[in-house]
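What you are looking at is a predicted structure, and each value in this text was computed from that prediction instead of being measured.
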Amino acid sequence: MPTDTPSPACGRAMRKPSAGALLFCALALLLSLCALPGDLAAKPAATAVKAPAKPTAKTDPTPADEPVQRFQVQLARKSATPATLKKLEDDLEAARAAKPDGPQGAKATFFLARVQEELARRSGSRAEWLKSEETFGQYLERFPKYALVADALVKRGTIRLRALRDADGAQADFTAVLKNHPAHRLAPTARGLAAQAQKAAKAGMKRDAKADAKADAKADARAESKAEAKGAAALPAPANLPPPPSQSQKPRGSGMATLVESRYKTGSDYTRVVLDVDMPVRFKYQLLDSHGSPVSSPSASGGKDNKPALLYIDLMHTQVARSIPGEVRVSGGILNTLRTRQYDADTARIVLDFKEMHDYKVFALENPFRLVVDVYAADTPKSAAKGPGKAAPPSAAYDMPEEPDPPAPKSVVKGGISAPKGSRKRMATDLIEQLGLTVRTIMIDAGHGGKDPGAQGHGLMEKDVNLRMALILGKVLKAEGFNVVYTRTTDVFLPLEERTARANVRKVDLFISLHCNAHTDPSMSGLETYSLNLARTPDAVRVAARENAVSDKSISDLQMILTDLMLNSKIKESLDLARGVQKSGLTTLREGKFTVNDHGNREAPFYVLMGAKMPSVLVEIGYITNKVEAGRLKNDYYLRTMARGIADGVVRYKAQIERYAGRN
């Protein structure tokens with residue numbers, strides 16, 4: 001050991017002692033001691049040897065920073081290649097999976113879309129353009145308050161205009177920039193592009209799958225071949241499937257149907273996939289575990305290693321449109337991949353690969369015919385760690401939210417005070433928040449829109465009234481302290497099944513769909529509020545048939561589907577919410593000196609409410625075919641009065657569920 005023998009310098013100092021030499025020896029001895037292992041230097045007499053501590057795995061708090069910086073460097077040096085971009089895509093998907101929320105989730109999502117845009121620009125593949133468009137859309141839906149919203153809108157709008165030939169969708173994106181971000185640096189760019197989109201729309205540019213397919217046939221064929229090579233052909237043949245758990249009516253005529261589009265919305269605990277077919281078809285579906293063995297239900301396979309990994313659907317007498325990509329890789333949710341192929345001359349096969357599955361439903365909707373697949377992961381309590389009004393700390397300028405989260409909603413109990421920390425009431429409140437037994441975020445759905453005008457009468461179109469009412473109600477609810485999101489804020493078309501899917505993916509606490517009623521009897525008027533259930537009256541059947549755009553006869557078929565869906569729907573909670581909204585809305589209008597007929601709260605099977613994981617209601621705010629009520633629906637004062645009543649019903653419902661939960 002170095003300390004056993006004095007150094008020569010120290011020896012010389014001892015033979016000729018001096019103050020400088022003594023100081024030098026002291027320093028040398030001190031340095032020798034510092035060179036010893038920590039435990040021996042501190043405790044030279046200790047003989048016990050401690051076991052080495054296990055290294056603790058550190059989680060990177062900023063997983064998106066490094067791949068984003070790498071991407072920016074590659075763009076600046078013009079060194080990006082398809083291979084390096086694919087690696088960046090994988091790294092950003094992993095970063096988003098590690099930090100799906102907050103500034104890091106926003107950064108990973110936006111730049112993942114940018115990487116996919118660069119890949120699409122190099123390959124020219126429609127599948128790559130669609131992937132980038134979808135990811136920009138995920139950013140806009142999940143991070144509406146972050147600083148790159150205008151950038152994402154311009155990017156998505158440009159993709160829609162120049163790559164997907166979707167003039168209407170592009171114009172909606174550019175208009176949103178001008179309306180919501182007029183002072184943004186990209187506003188002049190958006191203004192110019194909006195004019196181009198408007199000109200293109202007038203010239204007849206439409207998002208036509210058949211026209212796009214001619215330009216993308218080679219790229220899509222390569223994608224389909226790649227999907228086939230990955231083993232989709234190894235799945236059981238249709239003849240080996242068990243009897244179909246669900247099937248639709250036979251196709252009309254003798255011609256083949258065409259699968260024209262596949263759409264999806266996915267989140268951390270929910271996915272909805274919609275298959276658009278140009279006519280009704282028979283279909284079969286089957287679950288497979290991770291070993292490729294058929295299972296009857298997600299829980300039937302037992303162990304973790306055998307959990308269901310695949311759900312495939314066979315569409316009989318159906319061909320796949322060439323515009324549909326063979327494989328779509330999905331990020332940011334429980335859906336991994338969506339693969340589509342022509343299994344044989346008579347069968348189209350769709351294979352869905354999931355990270356997790358707790359339950360699932362498959363059902364058909366009509367007019368137009370589409371097949372809907374809902375998949376649910378195991379429910380997880382909502383985190384209450386991030387309190388209201390606390391914004392995540394920024395790590396870069398583009399991570400900054402545009403505004404903080406809203407405060408907690410106001411209580412309806414007058415004179416209430418905050419419970420002291422540690423009290424039973426405070427602990428009960430914390431538990432309510434952790435279990436999601438409260439209302440913070442509400443999605444407002446303005447019914448109809450775009451090419452679907454809804455009911456019409458006395459110079460009004462339902463889609464316009466619904467949108468005005470939605471924006472008015474949103475302001476009132478925000479004033480009560482709620483966070484409000486919308487299915488649409490412009491005159492755009494959204495399929496009914498996509499509206500609740502958005503609510504599920506956003507994990508909102510309530511869903512309110514606004515509509516205007518109509519009747520062949522012009523004297524019919526009044527207010528009514530619906531929740532999802534079997535229709536119990538002829539009037540409920542009539543209203544559901546009109547809003548679903550199907551015949552009364554189809555409603556009876558729909559009731560059979562609904563009995564299966566009820567297990568995942570908040571039937572009781574929705575009924576309570578409908579009662580409160582109807583009562584408060586009616587009371588407020590009558591207090592405002594308006595004479596309004598009370599049609600009560602009713603139940604019916606509405607497409608737009610099906611599959612919702614939160615309490616959901618549909619409010620028919622008045623009869624557009626009644627001259628008096630149509631005049632009121634043109635009046636913003638009347639709509640604001642009704643909005644205050646609906647909001648009061650929501651506030652009372654929130655207080656009710658918190659009071660009940662606090663008693664347990």
At their closest point, which heavy atom of [X] faces which heavy atom of [Y], and how far apart are they?
X    : Y    : result
T62  : D60  : N-OD1, 3.0 Å
V115 : L85  : CG1-O, 3.4 Å
G474 : Y486 : CA-OH, 3.3 Å
G105 : F143 : C-CZ, 3.5 Å
G169 : R160 : O-NH1, 3.4 Å

With sequence neighbours excluded, tell me which residues meet salt bridge (charged side-chain N to carboxylate O under 4.0 Å, His left out) with [X].
X    : answer
D445 : R499
R506 : none
K155 : E117
E93  : R329

Donor-acceptor under 3.5 Å ([X] side chain, [Y] main chain):
X    : Y    : value
T318 : M316 : yes
R488 : H448 : yes
K355 : G333 : yes
R370 : P368 : yes
T347 : D314 : no
E573 : P615 : no
S132 : L130 : no

* Asked: Within 45 degrees of the axis of the six-membered ring of Y312 and under 6.0 Å from its centre: does R349 put its NZ or CZ there?
  -> yes

Using a strict 4.0 Å threshold on nitrogen-to-oxygen distance, state whether [X] and [Y] make a salt bridge.
X    : Y    : value
K131 : E89  : yes
K654 : D509 : no
D173 : R156 : yes
K613 : D269 : yes
R272 : D374 : yes
R502 : E141 : yes

Can you tell me how far apart [atom1] ([X]) and [atom2] ([Y]) are? Round to the nearest 0.5 Å.
X    : Y    : atom1 : atom2 : value
E356 : S268 : CD    : OG    : 9.5 Å
E66  : L92  : CD    : CG    : 9.0 Å
L618 : F606 : CG    : CZ    : 5.0 Å

* Answer yes if the ring centres of Y360 and Y376 are under 6.0 angstrom apart, and no otherwise. =>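 No, ring centres 6.0 Å or more apart.
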
* Asked: Going by atom types only, do Q104 and D65 share a side-chain donor-acceptor pair under 3.5 Å?
  -> yes

Output all residues satisfying side-chain contact (heavy atoms from CB on, under 4.5 Å) with [X], sequence neighbours left out; order by chain, then residue number.
X    : value
A152 : F110, F136, Y139, L140
V373 : V273, L311, I313, L352, V362, V375
R579 : L575, D576, N601
D91  : P67, R70, K87

Side chain to side chain donor-acceptor pair (under 3.5 Å) partners for [X], two or more places apart:
X    : result
Q138 : R96
N504 : Y270
T135 : Q116
T266 : T271

